[in-house]
2 protein chains.
Amino acid sequence: MARTAAPGTRERIITAAAPLFYRYGVRAVGMAQVIEAAGCGKNLLYGHFPGKSDLVAAYLTVVRAERDRSIGAALAATDGPRAALVAVVAEIAERVREPAFRGCAMRIYLTEFPAIDDEPGRIARDYLTSTRGQIGDLVRALDGDTVLADQIWLIIEGLYASANRPDTDQSAMAAVTLARSLLAAP
Amino acid sequence: MARTAAPGTRERIITAAAPLFYRYGVRAVGMAQVIEAAGCGKNLLYGHFPGKSDLVAAYLTVVRAERDRSIGAALAATDGPRAALVAVVAEIAERVREPAFRGCAMRIYLTEFPAIDDEPGRIARDYLTSTRGQIGDLVRALDGDTVLADQIWLIIEGLYASANRPDTDQSAMAAVTLARSLLAAP
DNA sequence: GTCTATAATGGGATAGAC
DNA sequence: GTCTATCCCATTATAGAC
């Protein structure tokens, strides 16, 4: 009897690979390491992902889905673009303070592979432009000028960069304080 | 007759390696590539640098010296801690706008090798704590609170992270504007 | 002696075969 | 799942050119 394909294998592999890629970097993690963590055979993995690049792309796609969900939840709990912008910064600030947080996975990937234009890179860049667009939309919705959007974006970039630094907590607080003061109603 | 050792070989190798490491990342650049760029033989390089890690450490040491010089020059041209803080942000903002600029070499290295505690990593971390200390000193000199220092530092982190993004110029302007407004005399 | 050029070594990686 | 082909890389050893 032929065994039926186990469902959720793809997700299981991605779930095993994601924390490794995130923590140690994509380049530092080999396929053998992923296979061991997933507890599967080589054929199974290469059946689902023809190459490492495909697995990395899937990893970043999952990251993006999680991010969209978290940001969406933060936005849904707010009332109006002003509160929404504060909520976005606050959500990132909270995440940055988590001990395992090492920065934005997309940005880390782009730093790791600056000169390569592949599928994961496209996913990462798309995510950045999309997120930046959301900030711009929110600022426009509150009749703010483009400089305000650039400033909020700068705070977000700084926040991500401050992850895993000695003074992450202070940076996170400073970011929220700064965003609040920029967004204080005139 | 024995040939005398060529002077400046060490510097020549570092000068050849630095732009490669910076542009493509330390991991992506092989020793063969460095050797080709330096136009020397393998033995000569390994005579001056026992391993790749030593070469990378030398590269980051040069980067640090250049940074200290640039920041020092920017500070020397200013009058008082308030102007100095603006000058520091402005100097980075100018650098970020250069086409070849890809971010802070130290931060890039730490992102590339997050889980390794080696000599280059120590150099990079030392640089960050030292630079952060300078900001703190300047803020204290103008009787600012620690939150102000955290905010300036956040701006600097965001500025570096904004390098090689589609909207680098706007980020750079936003950073200077933001720093100026934070440092406007009360 | 100082250097270049080139092979050789050993480790680890992706990926395919079975 | 194991085994293997192939490649890349850091490093060392060797041979020869000036």
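A, B, ... follow the sequence lines: proteins, then strands. Residue 1 opens every chain.
Note on B/Gly47: nothing from the nucleic acid sits closer than 4.0 angstrom, heavy atoms only. Contacts of A/Cys40 with the nucleic acid, taken as non-hydrogen atoms under 4.0 Å apart, are absent.
Atom P of nucleotide D/dA10 and atom CZ of B/Arg27 are separated by 11 Å, given to the nearest angstrom. In this structure, A/Ile35 places its CD1 atom 14 Å from C1' of C/dG12, rounding to the nearest Å. Distance CG (B/Asn43) to P (D/dA13): 10 Å, rounded to an integer number of Å. When rounded to the nearest whole Å, the span between NZ of B/Lys52 and C1' of C/dG11 equals 15 Å. Atom NZ in B/Lys42 sits about 14 Å away from atom P in C/dT9, given to the nearest Å. At whole-Å resolution of the value, OH in A/Tyr46 and C1' in D/dT2 are 15 Å apart. Rounded to a whole Å, the CZ atom of B/Arg12 is 9 Å from the P atom of C/dC3. Remark: P of C/dT14 and CG of A/Asp54 are 13 Å apart, rounded to the nearest angstrom.
Two different hydrophobic clusters hold B/Ile152 and B/Val147 under the rule that ILVMFWY side chains link at heavy-atom gaps under 4.5 Å. Taking hydrophobic clusters as Ile, Leu, Val, Met, Phe, Trp and Tyr residues chained together by side-chain heavy-atom distances below 4.5 Å, A/Val96 does not share a cluster with A/Met173.
Side-chain N/O atoms of B/Ser130 and B/Arg64 include a donor and acceptor closer than 3.5 Å.
For the pair A/Val29 and B/Gly39, both in contact range of DNA chain C, the more 5′-proximal nearest nucleotide belongs to B/Gly39.
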When the side chains of residues 42-52 of chain B are checked against the rest of the protein, which donor-acceptor pairs come out under 3.5 Å, sequence neighbours left out?
| from | atom 1 | to | atom 2 | distance (Å) |
| --- | --- | --- | --- | --- |
| B/Lys52 | NZ | B/Val26 | O | 3.0 |
| B/Lys52 | NZ | B/Val29 | O | 2.8 |

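Of the candidates C/dT4, D/dT11, C/dT14, C/dT4 carries the atom nearest the B/Leu44 side chain, counting heavy atoms from C-beta on. Closest contact between the side chain of A/Met31 and the listed nucleotides C/dT4, C/dT14, D/dT11 involves C/dT14.
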